[in-house]
Amino acid sequence: MRRLSHALLKLQAYFQSHFSGTAMTPSHLRPLDLYRRMLLIRQFELRAINERKSGLIPGFIHACIGQEATAVGACAALRQEDVIASTHRGHGHLIAKGGEPKYMMAELAARSDGYCGGKGGSLHMTDFDLGILGANGIVAGGIPMAVGAALAFQMRKEPRVALAFFGDGAVNEGAFHEAANLAGLWTLPMIFFCENNLYGEGTPQHKQAPVPDLAVRAAGYGFPGVIVDGNDVLAVFEATQQAVERARAGGGPTFVEGKTYRHRGHYEGDPMVYRTREELEFWKQRDPLTRFRHHLLDAGLATAAELDAIAAAITQELDEAVAFATASPAPAPASALAGVYGETHGGRVF
Amino acid sequence: MCEEMRRDPSVFLIGEDVGVFDGVFGVSAGMLAEFGAERVRDTPISEMAIVGGALGAALMGMRPIAEIMFADFVTCAMDQVVNQAAKARYMSGGKANVPLTLRIVNGAPGSAAAQHSQSPEAWFMNVPGLKIAIPATPYDAKGLLKTAIRGEDPVLFFEHKMLYAVKGEAPEGEYTIPFGQAAIRRQGTDATVIAIGGALPVVEQAAQQLERAGISVEVIDPRTLVPLDTETLIKSVQKTHRAVIVHEAHRRAGPGAEIAALLAEEAIGYLDAPILRVAAKNVPFPYNPDLERFILPSVEDVVAAVKGVTQYRL
């Protein structure tokens, strides 16, 4: 615990001073829906991890378990026509933006009914129709695209915003800095949402960046950076909503840093030699789902029976998703050659 | 560009110094005045943000033209070109549309030295998902650019900096040139010379010299490298039985390597001589003009190569 130190102690103090007892519910928010989405993300990933072990899923998985509040809280502040760019840890973003578990499970299973016809897998699972510019196998790779989407909205005078999710590792990539500079320079309707889970793969944040708070980087690009408790879905929602309102009103980008933590390894199978059991336990005590459940019950916004019913419905939905994926045919080998180009010039390119 | 921007409000130009400066080679002269700073958009020196930004806008239905001032600088945007733009459609199961044109200025000479002279087309031929246009005449530049802008896929559009000075017919008004159709620049019977982009003027001079020496050269300009019009190349080789490929990209694994391999696979039976490549020597571009001339493919090199294949005896 002593090694965790600086960032965490600061964070603990931050929790105490800023967030104890402040979680008011914005009136137009449906708390139970937020809860359902968070739980769906959690259960979807746990099921996917199991199905990977059972052999249904051939590829690797980067689970976002522990980070459900950032995905759900941020996307709750968006409209359907707004777009997001996601990351390698993107299952939560897809569900939060409206993704359906059966097409996701089929994609993880590399089947033809998956969101990408079995060509994307976990790292690239997306549905452009839901306003998702892609998950991304390249750290920070999606941020410039989100800036481009925001540019398109600004040029066409559409009241839409683009939100790029990225992790704490991404702010050390050039793509982040170039994108942030452009977004700040052109006052684009853009939200830079940093899910700071304190680790870039296996290296802790304090060994990757000389500052504990990454939101300070926004200052160099002329827009505000705010820090929220990323394990408090309502706090995430409120911070993102303010950023979205600002962007929609022409006020330009905001950097929102949600302090959070992933409970699983960088990928499934990661031996996790880089962190202590105590640290993991510290964060499990701050599990966003448990916290929100308690909040809902304490505030009288839901009964235990209602929440249990939500859990049961999710279990059934995931049973169906696994059945759907299992029954979905494998893509025909020749389909590998299709879909590289929109126009094939008489078959000269596939 | 102007015609396309007048025709379609979703087309815009984005890049370093494309507006007030008119582009460092003057390509966008007058465009800022006509279309305004929204659509002729000067950027910071940020190739990754330029390409990534253009890509994001393209995914949202715009038709951006992004300019990369020197081809050498595209390296700063490689992730966005290679991992993002090229693969967005495929990874998404065909859902993403990527109407993105990257205008990239390539080529020597001019004592621009090692980081402002390269012709990196072949790097991108190895990346499925990209298309590569490389016009050699003003007429083709216009027609191919329109096809690129109106298309649904990312196109790397290489403009050789020495070709900007070439005068030629480029009529006002509407015409497009389809991708994957080579142009036969000169009919001939003794050898096929495939001239890529900025190599065309060199090859044409060589062909004239060779004609005076009694050797009839067929000059073919592929116009696009991806897709590549292999039919026209093979048909020509069927007639001439000899092939020489000329380009300014470096020789090792340049575009000529791919074309030579295709001809070897599909037309070896027609060939009476080895396929030769005339290309930049495998060194970085030097600053000194004499050194630069020494490593670039010259008229004499092309003449020698053609004589080599025509005099070759099995």
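Nothing here was measured: the structure is a model prediction, and the numbers come from that model. To find a chain, count down the sequence lines: A is the first, B the second, and so on, and within it residues start at 1.
Comparing D229(B), V98(B), L228(B) by how many heavy-atom pairs each has under 4.5 Å with chain A, the most go to D229(B). When Q154(A), R156(A), R160(A) are compared by the number of non-hydrogen pairs under 4.5 Å with chain B, R156(A) comes out ahead. Looking only at heavy-atom pairs under 4.5 Å with chain B, the residue among T126(A), I143(A), D127(A), N181(A) that has the most is D127(A). Between chain B and the options H124(A), E343(A), M125(A), heavy-atom pairs under 4.5 Å are most frequent for E343(A). Heavy-atom pairs under 4.5 Å with chain A were tallied for A96(B), A58(B), P64(B); the largest tally goes to A96(B). When the candidates A152(A), C116(A), G114(A) are compared by the number of heavy-atom contacts under 4.5 Å with chain B, C116(A) comes out ahead. Taking chain B as the reference chain and counting heavy-atom pairs below 4.5 Å, the highest number among A175(A), G120(A), A183(A) is found for A175(A). Ranked by heavy-atom pairs under 4.5 Å with chain A, the first of E152(B), R41(B), M62(B) is R41(B). Per-residue heavy-atom pair counts under 4.5 Å with chain A were compared for G94(B), G180(B), G129(B), and the maximum is reached by G129(B). Annotation: maximal heavy-atom pairing with chain B below 4.5 Å, among L151(A), V83(A), L133(A), V147(A), occurs at L151(A).
Here the shortest heavy-atom pairing between G141(A) and D79(B) reads CA-OD2, 3.8 Å. Scanning all heavy atoms of the two residues, the minimum distance from P44(B) to L182(A) falls at CD-CD1, 3.2 Å. Closest heavy-atom contact between V340(A) and D153(B): O-OD1, 4.5 Å. Across all non-hydrogen atoms, the minimal contact from I14(B) to W186(A) is CD1-CH2, 3.9 Å. Across all their heavy atoms, G342(A) and R89(B) have their closest contact at N-NE, 3.2 Å.
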Worked check of side-chain contact (heavy atoms from CB on, under 4.5 Å) between T230(B) and R348(A): CA-CA 9 Å; T230(B) 45; R348(A) 287 201 170 89; 5.6 Å; no
Verdict with reasoning, Q80(B) to M145(A), per side-chain contact (heavy atoms from CB on, under 4.5 Å): CA-CA 9 Å; Q80(B) 293 298 320; M145(A) 274 187 255; 4.2 Å; yes
Trace of the side-chain contact (heavy atoms from CB on, under 4.5 Å) decision for N136(A) with Q84(B): CA-CA 8 Å; N136(A) 216 302; Q84(B) 312 297 344; 2.8 Å; yes
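Dense packing is recorded around CZ of F73(B), with more than 12 heavy atoms of other residues, nucleotides or ligands lying under 6.0 Å away. For CZ of F350(A), the number of neighbouring non-hydrogen atoms (other residues, nucleotides, ligands) closer than 6.0 Å is 12 at most. Heavy atoms of other residues, nucleotides or ligands lying less than 6.0 angstrom from CG of N126(B) number 12 at most. Dense packing is recorded around CD of E266(B), with more than 12 heavy atoms of other residues, nucleotides or ligands lying under 6.0 Å away.
There is no contact between K87(B) and chain A, counting heavy-atom distances below 4.5 Å. Heavy atoms of N83(B) lying under 4.5 Å from chain A belong exclusively to its side chain. Using a 4.5 Å cut-off between heavy atoms, A179(A) contacts chain B through its backbone alone, with no side-chain atom that close. Residue A180(A): no heavy atom, backbone or side chain, is found under 4.5 Å from chain B. With a threshold of 4.5 angstrom between heavy atoms, A338(A) approaches chain B through N, CA, C or O but not through any side-chain atom. Of the atoms belonging to F153(A), it is side-chain heavy atoms, and not backbone ones, that fall under 4.5 Å from chain B. Only the backbone of E47(B) comes within less than 4.5 Å of a heavy atom of chain A; no side-chain atom from C-beta onward does. Contact of T43(B) with chain A is made through backbone and side chain together, with heavy-atom distances under 4.5 Å.
At distances below 3.5 Å, not a single donor-acceptor pair connects side-chain atoms of Y341(A) with backbone N or O atoms of P154(B).
Using a 4.5 Å cut-off on side-chain heavy atoms (C-beta onward), M155(A) and R39(B) make contact.
Distance OH/Y90(B) to CG/L337(A): 7.0 Å, rounded to 0.5 Å. Distance CD1/I45(B) to CD/E178(A): 10.5 Å, rounded to 0.5 Å. For the atom pair NZ of K157(A) and CD of E38(B), the computed distance is 5.5 Å after rounding to the nearest 0.5 Å.
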